Amino acid sequence: MKISDCEIIDLPKIEDSRGNLTFIEGNSHVPFDIRRVYYLYDVPGGAERGGHAHKGLSQLIIAMSGSFDVVLDDGTLKRRFHLNRSYQGLYVCPMIWRELDNFSSGSVCMVLASNTYDEADYYRDYNQYIEATF
Ligand code: TYD
């Protein structure tokens, strides 16, 4: 799995003078079944999240409010994505190391995941991740 397998997905946006609406359907707008949703909020200035890779989990990361950066690393290439639109999501395939930083005040990071939480699915040590990648 490489960074080139990860991409920004444009989600449907129903524009309306009363406010816009975006929806996400599993296996349609995201290339997986959605089995879990979690979100990061009240992130203090300067904090960093992530710092791990997943063995089998696919995710879509969305800036529901405010902005933050996601740095993806496949062991060969690194790429920084700035997320600041609630109608776009960053698809992250399995076996990609990710770090999140540069959170704006009041930002909310929502993550759609292809499976329920399982600590055994994590690489939390970068060297172990690299060993497993090559
Ligand atoms: P972690 O995935 O390391 O957070 P992040 O990638 O956002 O920095 O998870 C932080 C803690 O929360 C860790 O102890 C595991 C726990 N957790 C759950 O219990 N369920 C979940 O769905 C998630 C994502 C984390």
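Side-chain atoms are counted along with the backbone in the values below, which use heavy atoms only and exclude waters and symmetry mates. Atoms within a ligand are numbered from 1 in the order they appear, just like the ligands themselves. Computed from a prediction, not measured in an experiment: that's the story for all the values here.
The proximity of Leu100 to ligand 1, defined as any non-hydrogen pair under 4.0 Å, does not occur for either the backbone or the side chain.
Within a 4.0 Å radius of atom 11 (C) of ligand 1, the protein contributes no non-hydrogen atoms. The presence of a protein heavy atom under 4.0 Å from atom 2 (O) of ligand 1 is confirmed.
Contact check on Arg49 versus Glu99 returns no salt bridge, with no Lys/Arg side-chain nitrogen under 4.0 Å from an Asp/Glu carboxylate oxygen.
Using a 4.5 Å cut-off on side-chain heavy atoms (C-beta onward), Leu60 and Ile9 make contact. Counting only heavy atoms from C-beta outward, the side chains of Pro94 and Ser58 approach each other to under 4.5 Å.
Side chain to side chain, Asn20 and Glu15 fail the donor-acceptor criterion of an N or O pair below 3.5 Å.
On a distance-only criterion, Arg49 and ligand 1 share at least one N/O pair closer than 3.5 Å. For Arg36, a nitrogen or oxygen atom sits less than 3.5 Å from a nitrogen or oxygen atom of ligand 1, counting backbone and side chain alike. For ligand 1, the polar-atom distance check against His52 finds a nitrogen or oxygen pair separated by under 3.5 Å. Between Gly50 and ligand 1, a contact under 3.5 Å exists for at least one N or O pair.
A distance below 6.0 Å separates the ring centres of Tyr122 and His54. With ring centers used as reference points, Tyr126 lies 6.0 Å or more from His52.
Residue contact check for ligand 1: Arg98 places no non-hydrogen atom closer than 4.0 Å to it.
Numbered from 1 in the order shown, with element, the atoms of ligand 1 that lie under 4.0 Å from a heavy atom of Tyr38 read 24 (C). Interface atoms of ligand 1 facing Leu40, defined by a heavy-atom separation under 4.0 Å, are 7 (O).
The closest protein non-hydrogen atom to atom 17 (N) of ligand 1 is Tyr117 CE1, 3.8 Å.
Hydrophobic clustering of Ile, Leu, Val, Met, Phe, Trp and Tyr side chains at less than 4.5 Å, counting indirect connections, keeps Met1 apart from Tyr91.
Taking the six-membered ring for Trp and thresholds of 30 and 60 degrees, His29 and Phe23 have ring planes more than 60 degrees apart, a perpendicular arrangement.
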